[in-house]
*Asks:* 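Mind having a look at this structure? Questions to follow.
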Number of protein chains: 2
Amino acid sequence: MGTRERKQREFEARETLFMDTARRLIREEGLLTLQMARLARECDYATGTLYQHFSSKEDLLVALATRRIEEHSDEFCRAAAWQASTRERMFALTVVDHDFGQRHPGYMRLLQYVFTEVVWASASPGRRTALQKALEQPAGAVRAIVEQALADGDLKSHGFNPQALMLGPWGLCAGIQSMQQTRGMLDHLGIDAADELLHFHSQALLNGLGWQPLIDLNDRATLSAWVERVRREALA
Amino acid sequence: MGTRERKQREFEARETLFMDTARRLIREEGLLTLQMARLARECDYATGTLYQHFSSKEDLLVALATRRIEEHSDEFCRAAAWQASTRERMFALTVVDHDFGQRHPGYMRLLQYVFTEVVWASASPGRRTALQKALEQPAGAVRAIVEQALADGDLKSHGFNPQALMLGPWGLCAGIQSMQQTRGMLDHLGIDAADELLHFHSQALLNGLGWQPLIDLNDRATLSAWVERVRREALA
DNA sequence: CGTGTATTTTGAACGAGATTCAAATAATGA
DNA sequence: TCATTATTTGAATCTCGTTCAAAATACACG
């Protein structure tokens, strides 16, 4: 009998409803003011029902972040599969990742919050591993590029494994994006156009890793042409 | 009459007491469980008195982070003033910053939390600008190195100002450190020895920026010798 | 169908803790 | 000394997140 399956499907549909609504509430009124009771009411369910899905508010936030990562992941992997040199593809990931962050400002803020010890530690282990699992796909895509670059001789391993080699570009991208998140921080340091700077420094790092073909960084016009090309072609 | 000044001094002393105690409580029992009433009681003051100093819990956290930055700043600036090439000094900052983070794990977690939209937005504007002001000293130290490197011809500007050029190394360091903070994240990605990787990628980035003298990255022993030298000399 | 049992949903009650504020206390100055 | 002003106090308030006993619903079996 399909009763169990139907139940299962309904349960999942409800979870989706909760998450969609939570996302809307956060967009409309901010992460700060999200209330569990309010969310339940908005979905015409009782508070307790919400807690059948999420063991705590933090749990919900981790689930939201996970779903966002999954959505982002599609776009990300599409860019990773772009028909181009490994160097171009690696750079494309930086551009795509950052563009996604700019397009969804709330997403980055949520991720930043979720990875905080305070939140991360109070989410359920299940949700935490689900999030880590969701990261596997994009991480795998990056690693595949690194592996191919190694195989093709575009990149030397320097004695590190592929994951280790991708940490730099990844960390750089994450670091600059999170500084960009903190309102007023970069302004105050006298930095603007962080986007262009992220692209510039990413290319510099790839050059420094000896990732062939090296590109000339002296000309900002060339750099922005690269970025435009990625935006035009990598997501086509 | 010095009455006003004495009052002022006593007020500041009390603030210091609150902050020292808060730090101890956080160290002993975690950021998560810090309670305002508890903190006040621990200092033999009423809750309301605590609120004369800090407009909210978030405000207190930002103040704590600020003080930590100030403390870190000394060490940081000492390393920046190391008698060595601009390239060596720039790299030294990465090492020192990361070492400080490793030595004070709670510090990094606090910073990460404080820069979260949720916390940052609920701190008072005064505390926020105080924190930004505290960042000026280390930021200035980094910028000075970049400026000297430009003047000495160790580094080309590529059309960017000094602050812009320092964003990459800074962002890389911050990004990798914050990934390191998130328990289990790097393990799960199959990455260990993130310290060495931070050093490696930092050097790669500096090479990629064309920061003279370039160093050879093929040999991990050379890299770790650099790190050791920094630890030995830069803070002497 | 009716009826007993298991499952799910409900939302009021509870608890934890941040924040406030009227009253008490202390400092100041005439 | 006493009126006035500033500071301190901590119980009361308020805001949620979370729980759980009761109600509602679904299900199984005679």
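Note on naming: letters A, B, ... go to the chains in the order of the sequence lines (proteins, then strands), and numbering restarts at 1 for each one.
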*Asks:* Sequence neighbours left out, what pairs pass side chain to side chain donor-acceptor pair (under 3.5 Å) with at least one residue falling in residues 102-115 of chain A?
*Replies:*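 Sorted result for residues 102-115 of chain A: Glu75(A)-Arg103(A).
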*Asks:* Heavy atoms from C-beta onward define the side chain here; which of dG17(D), dT7(D), dT19(C) lies closest to that of Met36(A)?
*Replies:*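 Ranking dG17(D), dT7(D), dT19(C) by closest atom to the Met36(A) side chain puts dG17(D) first.
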*Asks:* Using a heavy-atom distance cut-off of less than 4.0 Å, which residues of residues 42-56 of chain B contact DNA chain D?
*Replies:*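 Correct list: Tyr45(B), Ala46(B), Thr47(B), Gly48(B), Thr49(B), Gln52(B).
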*Asks:* Could you list by number each residue of residues 13-31 of chain B showing a heavy-atom separation from DNA chain D of less than 4.0 Å, or answer none if no residue does?
*Replies:*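 Contacting residues: Arg14(B).
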*Asks:* A side-chain contact here means heavy atoms from C-beta on lying under 4.5 Å apart; do Gln177(B) and His98(B) qualify?
*Replies:*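 Contact flag for Gln177(B)/His98(B) side chains = yes.
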*Asks:* Given atom CD of Gln8(B) and atom P of dA6(D), what is their separation to the nearest angstrom?
*Replies:*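 After rounding, the reported distance stands at 16 Å.
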*Asks:* Should the pair Glu228(A)-Arg231(A) be classified as a salt bridge under the 4.0 Å nitrogen-to-oxygen rule?
*Replies:*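 Here Glu228(A) pairs with Arg231(A) in a salt bridge, since their nearest N and O are under 4.0 Å apart.
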*Asks:* Does this structure show an ion pair linking Glu10(B) with Arg14(B), if we count only N-O contacts that are shorter than 4.0 Å?
*Replies:*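 Answer for the salt bridge query: no.
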*Asks:* Over how many whole Å does the gap from Lys57(A) atom NZ to dA16(C) atom C1' extend?
*Replies:*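 From Lys57(A) NZ to dA16(C) C1': 15 Å.
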*Asks:* Restricting to side chain to side chain contact (heavy atoms under 4.5 Å, CB included), what partner residues turn up for Arg27(A), sequence neighbours left out?
*Replies:*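 Arg27(A) satisfies side chain to side chain contact (heavy atoms under 4.5 Å, CB included) with Arg23(A), Arg24(A) once adjacent residues are dropped.
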*Asks:* Mark yes or no for whether His201(B), through its side chain, and Leu209(A), through its backbone, hold a donor-acceptor pair below 3.5 Å.
*Replies:*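 A pair under 3.5 Å: no.
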*Asks:* Please, which pairs that meet ring-ring contact (aromatic ring centres under 6.0 Å, His included) have at least one residue in residues 117-143 of chain B, sequence neighbours excluded?
*Replies:*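 Only Phe115(B)-Trp120(B) qualify under ring-ring contact (aromatic ring centres under 6.0 Å, His included).
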*Asks:* In residues 56-63 of chain B, what donor-acceptor pairs under 3.5 Å come from side-chain atoms, sequence neighbours left out?
*Replies:*
residue	atom	partner	partner atom	Å
Ser56(B)	OG	Glu58(B)	N	3.4
Ser56(B)	OG	Asp59(B)	N	3.2
Ser56(B)	OG	Ser122(B)	O	3.4
Lys57(B)	NZ	Leu34(B)	O	2.7
Asp59(B)	OD1	Ser124(B)	N	2.7
Asp59(B)	OD1	Ser124(B)	OG	2.7
Asp59(B)	OD2	Ser55(B)	N	3.2
Asp59(B)	OD2	Arg127(B)	NE	3.4

